[in-house]
Each structure stands twice: as structure tokens, then as C-alpha cells.
Engineer: 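Let me begin by handing over the structure; questions about it come next.
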Amino acid sequence: MGVWTVGALALVMAIAGFSQTAIDTKNTVLADGNVAVSYVAEAAESLQEQDFDQATYKFNAAAERFIAADQAVGSLSRGVDSLLAVLPVQTSVTSQAQLLEAGGNLAIAGKYLSRALEPFQSAPDVLEPLKTGVETEREEGVAFTESVAIAAQNLRFAQAKLAEASTNMERVDIEDLPEDIQEDARVLKETLPAVTALVDTAVTQADFLLTFLGHDQRRSYLVMFQNDHELRPTGGFIGTIGLLTIDEGRIQQILVEGPYRYDGQLTDVRTAPEPMRLIEARAYARDMNWFLDFPTSAEQVARYLDKSGAPTVDGVIALNASIMEGLLEITGPVQIEGYDTTVSSDTFYKETQREVEIDYDKEKNRPKEFVGDMIPAILNTAFTSEKTDWPALADLMASSLKEKDVMVWFHDAELQRVVEELGYDGGIPETRRDYLAVVAANVGGGKTDGAIETHVTHDAEIQQDGSVIDTVTITRTHTGDPKDFWEGVKNVSYLRTYVPFGSELLDAEGFDPEFWNAIYPPNHDSKPDEVIESIESTTLIHEPTKTRVQQETGRTTFGNWMGLEAGQSKTVTLRYRLPFTVQPGVDGPTDTYGMYFQRQPAARNVSVESRVRYPTARTAIWQYVTDGELVGFEHSRTYTFDWETDKTYMIVLQ
């Protein structure tokens, strides 16, 4: 609901922003237009107050007034000649008429948008099982997904009217309008595509939610709670597993367990990835988020749990622990019933670790029980309090999806396609140019990754012949207090650098290859895992440093070890040749160097400086960057950023 509310307010602001002057013509047009604008402003207030009945009524009234203004100067559907009677002679009749018709279409779109939000006022409590811990059947009445279906239908009506308004605005020539309304009309013309795109996305999300929430049939999901203080490729060690059942939008059951319960029942013995054999020769579900590509990791985890006797699921949801921290920033401290513990955003990690690792009931021997009680308590407080801050929750969800603290994978291919389009899948994107991901996997290094700071320097040098040589340096610093129980231990991480497929490693230095000497051999009764084997069978070894060069999910990876004591800092360097050239004159007068940085989910405190250098005979004629600034120097460009989301930039050379 939060995302759609934001969309509704954006639409209302777009309408109100242009309407006050856009219909400032004469006589009846002026009178009806001003009343229409007043209704739009009041509708905006009603939406903010979640009074959807009043919002619908006022949008409807605004639409009627716009239509009345239209009729006062002659039906637009029959032509616009009669507008000459009330509009300045030098003004284009067509532009004024299209602007007026756009106002009517936008008001009607607003009406349908408020109707889309209205069903959620009386939607059933979907979180009841989180409060009681008891599986429940849906009560008689309107199911939550029926509210979503009603919303989706109204969103489609709003979508159609926005499309008509967009067509109207395309026919408006700003220069033909009176000067006093040109700026507002220009703002509308510029912002309407973004508003339209927002509603288009809401329609897609609504359709996705209907399937995800079990509108057609009951759905079950595996929820991976990942501890980002023990970093793994998709966000963190899978310290807790939840089995979630949803029917018609209602959470029927959520069972939270530690992964060891299931792993202990796994009889199918498979060999773990080579680096994971530093601590365990066998492959278990808890370690199968080993691949940066989340769909690959999610499918592996689901497959291993299925072999361990866990219920078969329709999909996998990853939640990094920072989500709980974000919720606690919104709710404030939460008392966990049955424990002498209060968690806050500042104490969440340490209190959780203390309860799980030290203070749990040794007789019951269920160390993860606290987590199973804590998560519902935080969710219940966040979503059901009288002081629930819906805009803040919507912002948290939006940022969590963007930063990949929430990722989703489905067995169903069509659902997975939609998730990819929405950008929620955590997959490795297809890129035809340069690419970099730096991925750390904590293997026996304690809960220390919250104390690790990382700086990455990327230098791409385009040679005279168009070939490109990249140099990447990775500096990691362990800032933990040596006396701290959790953060004072040694961080041991297997670092993989993902680069374009086919890149050639030229040199590597600074790693700690001695860890390879401590690798356990495979169990005698172990069989290879097909996915792991498909990657490790591609291995080439850079003998001076024992760096593993492998092919994984359409990328080449360079993998090796780094061990850091508290207070220590180390730097590793990789130098490699890209598998393509950047050479104007071969395929045309220009060529492009493009760079994509894919962030490892949950990797904190990572800064990047990227520089591309090109020969003196080349000139940069165009550049693009997702955000921030691409700073130009003589024959080079530099991009500096904090690596909190994926980033990209492009430079066209001639």
C-alpha cells in the first residue's frame, strides 16, 4: 500500500502543479477550471488521510468540472473551432484544447487511483499468525488478494487514462500557450512520463502480488535470514530458515528453525566447494548461497533442503539481517516476550548473537529459538502498531530491494521472468562491456564482517591497439577491537573478483595462499554436486599465488584468500586483459567503453575509485553515469562512489 500511496500523491501533485494556470482561459472555462483544481487539491488531502471515499468523490467532481469546461468551449471530440470565442486569437486552439482534455483524463486517473487504494482500508489482518504463532484459516469475507485484484483493475483504468493524457500532452506545443501557463505546462509534460511509469510498475507489481500471495492457490516459500556479519556471496551466512505459507494473501504459518536441524537429516553426501572445505568437506544447505547469482544460490539451497526432508517450496526469499535493523529504527526498541531482552537498531546484532551463541537453553538445545520468537515480534510491532509509519516502511522496502537486502527466486519460470523485470531477482545482468564484482565469503572468520572496511581501485587502460588492461586493487581493513568477543577474532575470507567472461589473468599478488594447504579432501563416500562441479571443472591455477581462475554464470572469476587480524590492513592486486577491444574506426567512427559495478548484497563500508585512461589520439565526446559525477582529466575519466547499489558508466570515444 505504501508504494501505491506514494504513486497517488505523485500523480496528484502533477495534476495540481499544472492545473491552476493551465486552464486559465475566459468566462466559464476559468470558473469550472478553478473549481476542478480546488477539487484536485482536496482529493490530494483526502488521499494523504487515507479517506478514499472522499478522494474518489473529489476526483470525480474535478473530472466533471474539467468536462464542463470542455463543453463550455465546444466538444473537443467534434473539433475546437469554438474555442476561438474565449481564447486569445494568437494562441493555438489545438494546444489549449489538448491541455484541457489532459486535465480531465488526469482527474479521472486520480479517481481510479484512489479507488485502487480504498480496498486496503478494510482488508483482513494478514499478520495474525505472527501475533499468535498459530496457523489460522481465512475468515469469511474479502480476502486480501481480492483487495489486490480490485486495486489492479482500477490501476489499469488509471493506466489507460494516463496514456490518453500522455497523448494529449504530446500534441501540446508549449510555445503556443499563453506565457503565464507555459512553465506549468512544461513541468507537466516533463513529469507525466515518470508518473505514468510509476503506475505501469504498480500494475505489474499488483499482478505479481496476486500470484505471490496465493490468490489462485496456496503458496509456500523458504525464507533465508542471512547474517551479514558473517558475509557470504548473497548476503550472509544462512543462520535461520523460515518456512512461510500464504493463502489468498494471509500468512497461515511461519516456522523458523536453524539450518542444522535440516542439514542433520541430509543423507545425500555431496562435496562442498573447494574453499568451503577449509571448514567442512560436505556440502550442506546452509552453505549453498555460495554463488553471487542469487537464482543459482536459491535453487541450490531449496534443492538441498528438499533432500533433507523439508517441505517443497514454490520459491525462496532472502532477507539480510539489516532489514530487522531498519525496522527497529522505525519502531524503536522491542521487548521480546519470554526473554529478558529488548532489541533496538543499535543492539540488534549483539543481543541476537548473545542469545543464540551463549544464553540459549542448553537442555532444549535450540539456539535459534530466540530468532524464531524475535522476528515475528519485530514484524508485528512494525506493521500493526497504531503509530505504524507506512511511508518509512515503504521507503525501507524500496531501498532494501534496490540494495538487494531482499531478493526473490521462484520455481515458476513466468514468475521469475517478472521478478527479473522488476529487478528483485539478484541475478548477474547481461553486459557486453567491462564488469566488476568483488565478493567476499567468510569461511571460519567469525562474526567479523561488520568491522571490515574495503576500498577498491579499478584502473582500465585502453591501449593503442584498442585492447584493454584492467588493474584492480582491493584493500581490506579489520577495524574490530581485539578485546571484543565477536569482532576481535581473525577474519578469514575467500575473495572472488568477477570480471568479463574470457578475461585473461596477467598477474596477482598480496593474497594468503597458505590457506589452500588446510583444505579438507572430499569424503570417501562423497559425490560431486553438479553445479559446483560445472564451475570447478573450469579451474586454471595461477601458480605463483595459487589464484583460482574459473568460469561462473557467464563471468570469469579470480579467487584466493585473505586473512585479517583485528587492526590489520592488507591489499591484493589483480591485473588482467579484457576479452574485447575499444577501437574507433573498426566498427565505425566511435566506440564505447562501458563499466558495470555489481554490488555484493550486504557488503558494508565499501568505497570505489574507478579510472579509465585512453590514448592521446582519442577524444571523449559523450559520457553517462548512473549517479554522481564522472570527472574528466586529460585523456581519462574518474568515478568515485560508495558501493551501496549497482553502478554503471559509459564513455563514447572517437
Side-chain angles (χ1 to χ4, degrees), residues 190 193-194 197 292-293 402-404 420-423 425-439 455-474 497-504 553-558 574-601 603 606-654:
E190 292 173 353
L292 174 63
D293 182 65
K402 183 178 181 181
E403 296 173 12
K404 292 182 283 193
E420 291 174 7
E421 289 180 357
L422 292 170
D425 67 310
I428 294 179
E430 292 186 11
T431 57
R432 293 187 293 176
R433 290 296 178 179
D434 207 350
Y435 169 93
L436 180 66
V438 176
V439 178
H455 180 70
V456 177
T457 300
H458 164 258
D459 277 292
E461 188 164 354
I462 302 173
Q463 310 296 306
Q464 292 289 346
D465 63 357
S467 62
V468 184
I469 294 178
D470 279 9
T471 302
V472 171
T473 62
I474 305 166
T497 303
Y498 289 67
V499 300
F501 182 85
S503 295
E504 177 190 0
T553 324
R555 296 288 183 270
T556 293
T557 66
F558 307 134
L574 294 159
R575 187 167 174 268
Y576 52 95
R577 180 180 288 108
L578 299 183
F580 56 81
T581 61
V582 179
Q583 192 170 14
V586 176
D587 297 319
T590 64
D591 202 353
T592 301
Y593 174 82
M595 183 67 200
Y596 192 103
F597 295 92
Q598 182 168 3
R599 178 203 184 217
Q600 178 183 7
V606 184
S607 59
V608 179
E609 181 178 359
S610 175
R611 181 181 297 106
V612 56
R613 309 172 195 267
Y614 45 90
T616 56
R618 309 273 171 85
T619 302
I621 61 173
W622 182 84
Q623 64 187 40
Y624 164 81
V625 63
T626 46
D627 56 66
E629 185 179 2
L630 198 59
V631 179
F633 296 98
E634 188 175 8
H635 308 298
S636 71
R637 292 291 186 274
T638 300
Y639 183 32
T640 304
F641 59 91
D642 291 328
W643 206 348
E644 297 174 346
T645 60
D646 292 359
K647 307 284 187 181
T648 187
Y649 68 82
M650 297 176 62
I651 302 170
V652 175
L653 299 172
Q654 70 174 9

Engineer: Of all the heavy-atom pairs spanning Asp591 and Thr581, show the shortest one and how long it is.
Structural biologist: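 Looking at all heavy atoms of both residues, the shortest contact is OD2-O, 3.7 Å.
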Engineer: What closest approach, in Å, do Ser503 and Pro579 show between heavy atoms, and which atom pair accounts for it?
Structural biologist: OG-CD, 3.5 Å
Engineer: May I ask you to say whether Asp646 pairs ionically with Lys404, meaning some side-chain N is under 4.0 Å from a carboxylate O?
Structural biologist: yes
Engineer: For Tyr614 together with Tyr593, are the ring centres under 6.0 Å from each other?
Structural biologist: no
Engineer: Does the cation-pi check pass for Arg637 over Tyr649, that is, NZ or CZ under 6.0 Å from the six-membered ring centre and within 45° of its axis?
Structural biologist: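 Verdict for Tyr649: no cation-pi partner in Arg637.
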Engineer: Kindly give the heavy-atom pair with the smallest separation between Tyr576 and Leu578, and that separation in Å.
Structural biologist: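 Heavy atoms only, the tightest pair is CE1-CD2, 3.7 Å.
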Engineer: Minimum heavy-atom separation for Thr645 to Arg599, with atom names?
Structural biologist: N-CD, 3.9 Å
Engineer: Measure from the ring center of Tyr435 to the ring center of Phe501 and say whether it is less than 6.0 Å.
Structural biologist: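 Judged by ring-centre distance (under 6.0 Å), Tyr435 and Phe501 do not meet the cut-off.
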Engineer: Side chains of Thr638 and Arg613: is there a donor and an acceptor less than 3.5 Å apart?
Structural biologist: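 Thr638 vs Arg613: no donor-acceptor pair found between side chains.
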Engineer: Between Glu609 and Arg611, is there a salt bridge with N-O shorter than 4.0 Å?
Structural biologist: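 A salt bridge links Arg611 with Glu609.
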Engineer: Using a strict 4.0 Å threshold on nitrogen-to-oxygen distance, state whether Asp293 and Arg555 make a salt bridge.
Structural biologist: no
Engineer: Suppose we screen for salt bridge (Lys or Arg N to Asp or Glu O under 4.0 Å). Which residues come up paired with Asp642, at least two apart in sequence or across chains?
Structural biologist: none
Engineer: Taking atom types as modelled, is there a side-chain donor on Thr616 or His635 under 3.5 Å from an acceptor on the other?
Structural biologist: no
Engineer: Does atom CZ (Arg575) have a neighbourhood of more than 12 heavy atoms from anything else shown, all under 6.0 Å?
Structural biologist: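 No.
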Engineer: Asp627 and Lys647: salt bridge (charged side-chain N to carboxylate O under 4.0 Å, His left out), yes or no, with the steps?
Structural biologist: CA-CA 8 Å; Asp627 56 66; Lys647 307 284 187 181; 2.9 Å; yes
Engineer: Classify the ring geometry of Phe641 against Trp643: parallel below 30°, tilted from 30° to 60°, perpendicular beyond 60°.
Structural biologist: perpendicular
Engineer: Do Thr556 and Tyr498 pair up side chain to side chain, a donor and an acceptor below 3.5 Å, judged on atom types alone?
Structural biologist: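 Side-chain D/A pair, Thr556 to Tyr498: absent.
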Engineer: Rounded to the nearest 0.5 Å, how far apart are CG of Leu436 and CD1 of Ile474?
Structural biologist: 7.5 Å
Engineer: In terms of side-chain heavy atoms, does Arg618 have a donor or acceptor partner in Gln654 at a distance below 3.5 Å?
Structural biologist: no
Engineer: Say you draw a straight line from CD of Gln583 to CG of Leu653; how long is it, rounded to the nearest 0.5 Å?
Structural biologist: 11.5 Å
Engineer: Examine Tyr639 together with His458 and report whether their ring centres are nearer than 6.0 Å.
Structural biologist: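 No; His458 has its ring centre 6.0 Å or more from that of Tyr639.
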